[in-house]
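Worksheet for the structure shown next.
All heavy atoms count here, side chains included; hydrogens, waters and symmetry mates do not. Just so we're clear, the structure is a prediction, and the values are computed from it rather than from any experiment. Numbered from 1 within each chain, the chains take letters A, B, ... in sequence-line order.
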Protein chains: 2
Amino acid sequence: MTTTGRSGLPTGSPAGPPTLTTVAELAGVSRQTVSNALNNPELLRPDTLERVLQVIADVGYTPNRAARQLRSGSSHLIGLRFEPAQEGTTNALMDRFLHTLVETTRQTGHHVLLFSGDPDDPLDGYDDLLRSTAVDAFVITDTYSGTPQAAWLQEREAPFVAFGRPWDDPHASHAWVDVDGSAGTRLATQHLLEQGYDRVAWLGWEKSSRIGEDRRTGWKAAMNRAGLDTSGLGLRITDNLDAARLAAHELLDRRVVAFVCASDTQGMGVLRAFVERGMRSGVDAAVVGFDDSLAAQVTGLSSVRQPLEQVAVEVVGLLRATLAGAPAPERGLVLTPSLVVRTSSQRPD
Amino acid sequence: MTTTGRSGLPTGSPAGPPTLTTVAELAGVSRQTVSNALNNPELLRPDTLERVLQVIADVGYTPNRAARQLRSGSSHLIGLRFEPAQEGTTNALMDRFLHTLVETTRQTGHHVLLFSGDPDDPLDGYDDLLRSTAVDAFVITDTYSGTPQAAWLQEREAPFVAFGRPWDDPHASHAWVDVDGSAGTRLATQHLLEQGYDRVAWLGWEKSSRIGEDRRTGWKAAMNRAGLDTSGLGLRITDNLDAARLAAHELLDRRVVAFVCASDTQGMGVLRAFVERGMRSGVDAAVVGFDDSLAAQVTGLSSVRQPLEQVAVEVVGLLRATLAGAPAPERGLVLTPSLVVRTSSQRPD
DNA sequence: CGATAGTGTTGGAACGTTCCAGACATCGGA
DNA sequence: TCCGATGTCTGGAACGTTCCAACACTATCG
């Protein structure tokens, strides 16, 4: 029973963390049995299992990730390209999503790997990680600019799930989750109509923004359903405070006092216009923003809130299915946002 | 020259990405030579090097991370426990820091691994990653609650760098970077004094907050240097908008119209109080917040801005040094924040 | 009682890389 | 001419795990 080679040193010398062999020797079983104790416990006889697990706990053994990955091919890492804030994606938004993603993947034994790439090349960074087998799958989030990553990843048969629908190709055959922006603005518009306003204006983004146009349709649908005319009430402007402030003034001149916006930034611009005219927000005029950012929470701006936590949970669910070899669902999952009503759109009591 | 075993299949069959052996055969050299071409190019004859690199580029070879890590012991991953927002750390703040961290580590060939843990146990999660040799080092960020992680990691000789100073032990022997909160509030206070206010109030956090007390000292120092009395001007309240609003009213009753706050949230509360009294912010009264959050940017609240990008760069620099075996610097690195002046504290023109 | 089918456990091989010792030329100097 | 030094390249071994085929043993059945 010559103790397996492993140099001349006394086996299990304190250099480095314990390994399978260390545990095996202490428990008086083979390496493979220890491995099975962790990965296929049902194969072991109960008393053996207990003995092995006890030793594992005693020495504080944790399998070496690199070795496991090398042999099994799975890194238990999910890659996410971490971009600076972009249109439709406030930093804080990403933060909420990311946090739940990390928390949820933890439960499946996965971790999140962040990477970055050349801002001008939406594909940069993916290739390296894929070829070096560093990650098991990707989560892609910036689908507003078309989805070159999706096509690229699919071509390479790399598993991934998208947060954001494939605007270019609604029937794309990959798994995705998105939030129904249109439903959000519909909620906001209905809310303002219920508050007694009949001419509700829209402040949105340029026509080139798919997300912006989607949100606009919600406003339009709510107005139409109420039998109201929208002509002259929908404005497309750039996403900054001052543009929104000026646009609001323009509409206020025409006695339009209710606004639904494509972003909180624009909502803040409208609020500013109210103040400049001495109008009491929520009383003389009303506005609803989009994204429920910190700014909205702190200034009392009503806002449409995306269920990002739920999105992250669903993304992880799809990820698990994809990794298990399941085909992508027939259609993507579209979640409904909620409306957070604050003082900017509701009369006190 | 029997082609090395590798099953009976034609060598380099398209299954899976190319490996060292694939490249070696195509280039007509040994595995080791290919490895050297990447890791120690100076060992190769120039023409051999070129030939090998050409093949590498042709077949799109990237070393397998798991295998490399298993052999060399380095994962090229940096672990970061990703927490929900906490005192003194707005989500958006973390976002700026994290983004630069990802970007900077990219240049050193590292990636950022996010993990989470039991919110009640600041140590949870570290142990697993350490024992499974999943990460090369950690970045710890939540040092405001004491630094149990730092002590714990040091005990295990795990490399790490902290963002945030070790309040409990200023001479702790690990590498850290922090922002000089005191300098920030000093800047803010001086600015208000220059604007002609002489009774500048402080709205800060409870005494138990080290960060809060640090920021308070900056205000006090600036006032003292100007020969001004601070009695009755410093208030410690909870970090929410309404507490700040009420505190501001209390001070405004006493004709105190200039405020330096420990957070933007409090700053927003003060702004609200101005509005409620019909005071024009920046004209009749002034306030400066802390952290330059989106809310501040959008509401025109002057604020102290932390140089988070610079912090991240310095953290990575220290990380590299630590991983290279350098001892921790004698003292931590303290960076100076800047003041972003907006309409809340400066008269127009 | 011998063949058959589990049940629990084992050792060898393999994943793809880098470390290491050595092989084989080539070169300069004694 | 011979020797050591240098430059260039090679093959075996090892990192720690899981896959796989095979093992010993017990229980079942004809």
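Rounding to whole angstrom units, CG of residue A:L70 and P of D:dA14 are separated by 17 Å. Rounded to an integer number of Å, the gap from A:R68 CZ to D:dC19 C1' is 14 Å. Rounding to whole angstrom units, CG of residue B:L20 and C1' of D:dG11 are separated by 14 Å. Between the CZ atom of B:R31 and the C1' atom of D:dT10 there is a distance of 9 Å, given to the nearest Å. The CD-C1' distance, from B:Q69 to C:dT18, rounds to 13 Å in whole Å. Here D:dT17 presents its C1' atom at 9 Å from CG of A:N39, a figure rounded to the nearest Å. The interatomic distance linking B:E42 (CD) with D:dC9 (P) rounds to 12 Å, in whole Å. The interatomic distance linking B:N40 (CG) with C:dT17 (C1') rounds to 13 Å, in whole Å.
Taking the six-membered ring where the residue is Trp, B:F115 and B:Y126 present perpendicular rings, their angle passing 60° and hence far from 30°.
Taking every side-chain heavy atom of B:V29 into account, D:dT10 is the closest of C:dT17, D:dT18, D:dT10. Among D:dG16, D:dT18, C:dT17, the nucleotide with an atom closest to any side-chain atom of A:S35 is D:dT18. The listed nucleotides are D:dT17, C:dC19, C:dT17; the one nearest the side chain of B:Q32 is C:dC19. Comparing C:dT10, D:dG16, D:dA14 against the side chain of B:R71 picks out D:dA14 as the nearest.
Of the side-chain N and O atoms in A:T19, none sit less than 4.0 angstrom from OP1 or OP2 of D:dC15. The side chain of B:T33 places an N or O atom within less than 4.0 Å of a non-bridging phosphate oxygen (OP1 or OP2) of D:dT10.
Heavy-atom nearest nucleotides on DNA chain D were determined for B:S72 and for A:N36, and the one closer to the 5' end corresponds to B:S72.
At distances below 3.5 Å, not a single donor-acceptor pair connects side-chain atoms of A:R320 with backbone N or O atoms of A:V316.
Expressed to the nearest 0.5 Å, how far CG of A:L20 lies from OH of A:Y61 amounts to 3.5 Å. For the atom pair A:L49 CG and A:N40 CG, the distance stands at 11.0 Å (nearest 0.5 Å).
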I would like to know whether B:T22 and B:V59 meet side chain to side chain contact (heavy atoms under 4.5 Å, CB included); could you show each step before the answer? CA-CA 9 Å; B:T22 321; B:V59 302; 5.6 Å; no

Worked verdict on A:R65 versus A:H111 for side chain to side chain contact (heavy atoms under 4.5 Å, CB included): CA-CA 12 Å; A:R65 283 188 114 86; A:H111 287 294; 3.4 Å; yes

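Salt bridge B:R106/A:D128: absent, no basic N to carboxylate O contact under 4.0 Å.
Contacts between residues 43-64 of chain A and DNA chain D, defined by a heavy-atom separation below 4.0 Å, involve A:Y61, A:P63, A:N64, listed by number.
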